[in-house]
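Predicted model only: the values in this text are computed from it and were never measured. Numbering of ligands and ligand atoms starts at 1, following listing order.
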Amino acid sequence: MSFIVAIDGPAAAGKGTISKAVAAHFGFAHLDTGLLYRGVGKKALAYSRTSYYPEVAEQLARELTADDLLAEGLRTPEVAQAASKIAVIPQVRSALVDFQKTFAKQSGGAVLDGRDIGTVICPDADVKLFITASAEIRAERRFKELTNSGQNVELSQVLQDVIARDARDASRDIAPMVVADDAVVINTTELSIEAAIKAAITVIEAQRSQG
Ligand code: C5P
């Protein structure tokens, strides 16, 4: 029996941490779909300017391997921006759809997090969550993560990057980041990560007990 939890939301709202914790709690598999776009974005950066041409970027997406998702350097601000640029290309999105849909349907349950999971990849998901927070608090959290991992960044630049990426993700024609009609919104601006995880687990448990 499959059970699908779709978790969407803007950059650095806590989706990744919540998704991992939820997957561990319920024993579900977890896919961070942002990694697919980051994998293609990283290749695009390494390739050439033409990699932002739809047919070249599509090819890079089709050639993505599991090793590409384990590569170093996927979490840098440059790769995040490149990911959001190639993510507007419809051919890139189509090339990545089947993998995500197949992952979602595995028996034993799955948690997928991204921007279009509840709207496009798994519109029939059993639970849809939209995790959000103010841009300022998200930038602060991302700034801490980046500096803790040894990257040299300015908070004001991180805030600008977060705002630019959200605007691009929310305004694209194909699969924009929007709150699905039937999603439960969790605003983590004033929540500790523990409280946010607890809120997510409570919503999922309520749905599971309804069968
Ligand atoms: O979630 P993360 O910040 O790693 O995603 C990087 C970028 O990948 C996002 O800014 C977005 O442009 C793109 N993305 C997407 N659809 C998804 C997941 C990520 O367009 N489902």
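At a cut-off of 3.5 Å, with distance as the only test, a side-chain donor of D68 or T65 sits close to an acceptor on the other residue. Side-chain polar atoms of T189 and N187 form a donor-acceptor pair below 3.5 angstrom. Between the side chains of R141 and T17, no donor N or O sits under 3.5 Å from an acceptor N or O.
Contact check on D166 versus R138 returns a salt bridge, with a Lys/Arg side-chain nitrogen under 4.0 Å from an Asp/Glu carboxylate oxygen. Between R142 and E145 a salt bridge is recorded (basic side-chain N to carboxylate O distance below 4.0 Å). Taking 4.0 Å as the cut-off between side-chain N and carboxylate O, R115 and D169 count as a salt-bridged pair.
The single protein non-hydrogen atom nearest to atom 18 (C) of ligand 1 is T33 OG1, 3.4 Å, given as residue, atom name and distance. Protein heavy atom in closest approach to atom 3 (O) of ligand 1: R165 NH1, 2.9 Å. Scanning the protein heavy atoms around atom 8 (O) of ligand 1, the nearest turns out to be Y37 CB, 3.3 Å. For atom 12 (O) of ligand 1, the closest non-hydrogen atom of the protein is D169 OD1, 2.6 Å. In terms of protein heavy atoms, atom 1 (O) of ligand 1 is closest to R115 NH1, 2.9 Å. Of all protein heavy atoms, the one lying nearest to atom 4 (O) of ligand 1 is R38 NE, 2.6 Å.
Put simply, the side chain of P77 does not reach to within 4.5 Å of the side chain of V158, judged on heavy atoms.
Taking distance alone, with nitrogen or oxygen atoms compared against 3.5 Å, Q100 stays at or beyond that limit from ligand 1. The distance criterion of under 3.5 Å between nitrogen or oxygen atoms is met by R93 with respect to ligand 1. Taking only nitrogen or oxygen atoms, main chain and side chain alike, D116 reaches within less than 3.5 Å of ligand 1.
Listed by number with element, the atoms of ligand 1 under 4.0 Å from a non-hydrogen atom of A87 are 12 (O), 13 (C), 20 (O). Close contacts between ligand 1 and S84 involve ligand atoms 10 (O), 12 (O) [criterion: under 4.0 Å to a heavy atom].
R172 counts as a contact of ligand 1, since one of its heavy atoms falls under 4.0 Å from the ligand.
By heavy-atom distance, the residue among A6, A12, G34 lying nearest atom 5 (O) of ligand 1 is G34.
The closest donor-acceptor contact from the side chain of K42 to the backbone of E72 lies under 3.5 Å.
Ring planes of F28 and F26: parallel class, angle under 30° (limits at 30 and 60°).
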